[in-house]
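Atoms considered below: every heavy atom in the structure, side chains included; atoms not considered: hydrogens, waters and symmetry mates. Chain identifiers are assigned alphabetically (A, B, ...) following the order of the sequence lines, protein sequences preceding nucleic acid strands; residue numbering begins at 1 within each chain.
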Amino acid sequence: MTAPYSRISELPRHTGENVRVRGWTSHVRSSGKVAFIVMRDGTGILQTVLVKNAVSPEAWTNFGRLTQETSIEVEGEVRADARAPGGFELAVKELSIYGESPIDYPIQPKEHGIDFLLDNRHFWLRTPRQRAIARIRHETEQAIRDFFYDRDFTLVDTPILTAAIGERSGLFATEYFDEGTAYLAQTGQLYGEAAAAALGKIYCFGPTFRAEKSKTRRHLTEFWMVEPEVAFNDSDDNMRLQEEFVSYIVGRVLERRQAELKELERDVSKLESIKPPFPRINYSDAVRILQSKGSAVTWGDDLGAEDEALLVEGHDRPVFIYNYPKEAKAFYMKENPEDPRTVLCDDLLAPEGYGEIIGGSQREDNHDKLLARIKEENLPVEAYNWYLDLRKYGTFVHSGFGLGLERTVGWICGIHHIREAIAFPRTMNRLRP
RNA sequence: UCCCGAGUAGCUCAGGUGGUAGAGCAGGUGACUGUUAAUCACCGGGUCGGGGGUUCGAGUCCCUCCUCGGGAGCCA
């Protein structure tokens with residue numbers, strides 16, 4: 001009778017029993033007649049022990065063929081042992097090989113350069129640290145969906161292929177039958193606004209594309225963004241939603257992903273302080289603060305990365321900067337009735353130097369003002385007719401924001417580059433693997 | 001596009017003032033009955049990113065091109 005299969009995470013429940021485990025070898029060690037295999041099955045790490053005269057001759061021969069990342073099946077008795085990582089190990093009786101792994105497997109248990117690792121991303125994903133990041137990203141995405149589901153938001157999937165519409169920055173273009181050029185979406189927001197008039201509270205969540213030649217640790221050409229849009233929310237409501245949302249996400253990761261945060265050696269005290277309310281700094285005040293700190297900004301300038309760092313300095317949670325000058329922001333943002341030089345908007349800056357994770361605004365709901373802004377920006381009015389119609393037929397106060405998933409995950413994980421926050425990152429110079 | 005930095009063994013890197021290339025890890029062989037990125041001994045491994053120049057002689061100095069990384073701008 002053959003022993004039942006078990007996943008590594010379930011092994012403690014099978015102490016004293018014979019089981020079979022399938023997975024990949026990460027380390028192989030031998031000291032003569034005692035040998036060790038450290039293996040992985042996706043649920044955990046297991047140390048297995050082979051004693052030469054306690055295994056079959058075939059198993060001992062097979063051990064000699066093992067290399068890093070050989071896929072194998074082992075059978076043996078589960079036992080508690082303080083010397084094993086995790087406190088449990090498998091005393092092997094049988095060992096069979098599914099797939100050999102040639103000796104030139106590129107990723108070794110040692111330091112590698114970032115470029116080399118990205119070239120080998122398909123293997124890099126197998127390392128403990130990358131697995132921890134993947135699980136935290138997964139938890140973050142689930143938290144995002146639960147947050148909105150629990151608050152009666154409807155998920156609306158917006159198109160990825162669009163006609164020219166959205167932000168001003170770089171677009172990826174492709175030919176689209178007889179319709180001319182199609183562009184990969186930079187935002188689902190404008191479609192979200194249409195859906196908000198139908199469903200009240202909606203969000204979209206999907207990949208988004210920016211053809212900017214940005215070479216920084218905060219930029220990808222393809223990244224995931226979640227964009228809620230809420231009918232009858234003003235800019236204040238919008239910021240309240242943002243701080244609740246971000247706090248919820250961080251709380252969920254703290255609650256359910258302690259092991260992964262530990263693997264990443266993340267200082268969790270930095271995350272435990274993430275609770276509403278977040279500090280709010282008016283743009284004009286921000287300029288004054290920056291000037292007092294020696295910055296050269298003057299009123300009307302957009303804030304650079306250095307300025308943002310200065311503003312977040314000393315805060316233990318994300319900081320809102322709100323109501324920027326109109327010229328620094330997108331055409332669809334609503335003019336501030338109390339200061340028409342500015343628009344009702346906010347950026348949310350993450351602590352510890354991670355920068356902007358959210359951009360949000362109340363949308364311009366006045367048809368004529370929106371049309372004037374479209375013309376000022378030299379945008380093709382005909383492409384925006386349907387968007388303008390939303391202001392013509394039952395216009396409504398509404399607000400929303402976009403949260404960058406990889407930036408958020410990168411901040412929560414405490415990693416240096418957001419490339420690690422997505423399985424297969426796309427950057428200016430990287431289209432493969 | 002601009003400003004820095006880097007390209008030397010499969011990987012990570014070291015190579016004052018110019019004199020025909022080194023280490024660790026990985027790999028191979030052997031030893032070892034409790035290893036934790038095991039340890040020890042021995043062995044194999046290189047068009048020093050490309051091109052040009054100076055020089056008796058260039059990994060090293062000069063010019064140029066390429067590639068990559070970081071930052072700026074832009075943004076999530």
5′-ward residue of the pair A/R430/A/F223 relative to RNA chain B: A/R430

5'-most by nearest nucleotide on RNA chain B - A/H219 or A/V34: A/V34

Whole angstrom is fine here: how far is it from [atom1] in [X] over to [atom2] in [N]?
{"X": "A/I37", "N": "B/rA37", "atom1": "CD1", "atom2": "P", "value": "17 Å"}
{"X": "A/K215", "N": "B/rG5", "atom1": "NZ", "atom2": "P", "value": "14 Å"}
{"X": "A/I418", "N": "B/rG71", "atom1": "CD1", "atom2": "P", "value": "11 Å"}
{"X": "A/D307", "N": "B/rC74", "atom1": "CG", "atom2": "P", "value": "10 Å"}
{"X": "A/R29", "N": "B/rU33", "atom1": "CZ", "atom2": "C1'", "value": "15 Å"}

Pairwise [atom1] distance, [M] and [N] [rounded to whole Å]:
{"N": "B/rG7", "M": "B/rU47", "atom1": "C1'", "value": "15 Å"}
{"N": "B/rU60", "M": "B/rA26", "atom1": "C1'", "value": "29 Å"}
{"N": "B/rC61", "M": "B/rG19", "atom1": "C1'", "value": "15 Å"}
{"N": "B/rU20", "M": "B/rC3", "atom1": "P", "value": "38 Å"}
{"N": "B/rA6", "M": "B/rA14", "atom1": "C1'", "value": "15 Å"}
{"N": "B/rC62", "M": "B/rU55", "atom1": "C1'", "value": "12 Å"}
{"N": "B/rC56", "M": "B/rC40", "atom1": "C1'", "value": "47 Å"}
{"N": "B/rC25", "M": "B/rG69", "atom1": "C1'", "value": "23 Å"}

Please classify the nucleic acid contact of [X] as base, sugar-phosphate, or nothing, using heavy-atom distances under 4.0 Å.
{"X": "A/K213", "result": "base"}
{"X": "A/G304", "result": "sugar-phosphate"}
{"X": "A/D81", "result": "base"}
{"X": "A/L405", "result": "nothing"}
{"X": "A/A35", "result": "nothing"}
{"X": "A/I357", "result": "sugar-phosphate"}
{"X": "A/E227", "result": "nothing"}
{"X": "A/N53", "result": "base"}
{"X": "A/F116", "result": "sugar-phosphate"}

Does [N] have its OP1 or OP2 closer than 4.0 Å to a side-chain nitrogen or oxygen of [X]?
{"X": "A/H416", "N": "B/rG70", "answer": "no"}
{"X": "A/R217", "N": "B/rG71", "answer": "yes"}
{"X": "A/R79", "N": "B/rG34", "answer": "no"}
{"X": "A/R419", "N": "B/rG70", "answer": "yes"}
{"X": "A/N429", "N": "B/rU67", "answer": "no"}

Counting distance alone, no hydrogens or angles: does the base of [N] have a donor or acceptor under 3.5 Å from a partner atom on the side chain of [X]?
{"X": "A/H112", "N": "B/rC11", "answer": "no"}
{"X": "A/E89", "N": "B/rG34", "answer": "yes"}
{"X": "A/S214", "N": "B/rC74", "answer": "yes"}

From the set [options], return the single nucleotide nearest to any side-chain atom of [X].
{"X": "A/H417", "options": "B/rG70, B/rA76, B/rG69", "result": "B/rG70"}
{"X": "A/V49", "options": "B/rC75, B/rG70, B/rG34", "result": "B/rG34"}
{"X": "A/I114", "options": "B/rG69, B/rA76, B/rA37", "result": "B/rG69"}

Between the protein and nucleotides 23-32 of chain B, which nitrogen or oxygen pairs come in under 3.5 angstrom?
residue, atom, partner, partner atom, Å
B/rG24, N2, A/K110, NZ, 2.6
B/rA26, O4', A/Q108, OE1, 3.1
B/rC32, N3, A/G32, N, 3.3
B/rC32, N4, A/G32, N, 3.4

Below 3.5 Å is the cut-off: list the nitrogen or oxygen pairs between protein and nucleotides 41-48 of chain B, distance only.
none

Heavy-atom side-chain proximity of A/I422 to A/F223 below 4.5 angstrom: no

Trace of the side-chain hydrogen bond (donor to acceptor under 3.5 Å, both in side chains) decision for A/S295 with A/D307: CA-CA 7 Å; A/S295 169; A/D307 297 322; 3.0 Å; yes

Each stem that RNA chain B is part of, given as range with range (3 or more consecutive Watson-Crick or G-U pairs, under 3.5 Å): B:1-7 with B:66-72, B:10-13 with B:22-25, B:27-31 with B:39-43, B:49-53 with B:61-65

Lys/Arg N to Asp/Glu carboxylate O, A/E265 vs A/R129, below 4.0 Å: no

A/E308 bridged to A/R218 by N-O distance under 4.0 Å: no

Inter-residue atom distance A/T208.OG1 - A/L184.CG, 0.5 Å rounding: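 Those atoms lie 9.0 Å apart.
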
Heavy-atom donor-acceptor pair, A/R22 side chain to A/D41 backbone, under 3.5 Å: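 Side chain of A/R22 to backbone of A/D41, a donor-acceptor pair under 3.5 Å: no, none is there.
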
Are a donor atom and an acceptor atom from the side chains of [X] and [Y] found within less than 3.5 Å of each other?
{"X": "A/D301", "Y": "A/T298", "result": "yes"}
{"X": "A/Y332", "Y": "A/Q189", "result": "yes"}
{"X": "A/Y324", "Y": "A/D347", "result": "yes"}
{"X": "A/S399", "Y": "A/N233", "result": "no"}
{"X": "A/S361", "Y": "A/R363", "result": "yes"}
{"X": "A/E73", "Y": "A/S96", "result": "no"}

Stacked cation flag A/R426 on A/F424, 6.0 angstrom / 45 deg: no

Heavy-atom pair with the smallest gap, counting every atom of A/V21 and A/S6: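 In terms of heavy atoms, the two residues are closest at CG2-O, 3.8 Å.
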
Residue from A/K369, A/R373, A/K326, A/K334 passing salt bridge (Lys or Arg N to Asp or Glu O under 4.0 Å) with A/E364: A/K334

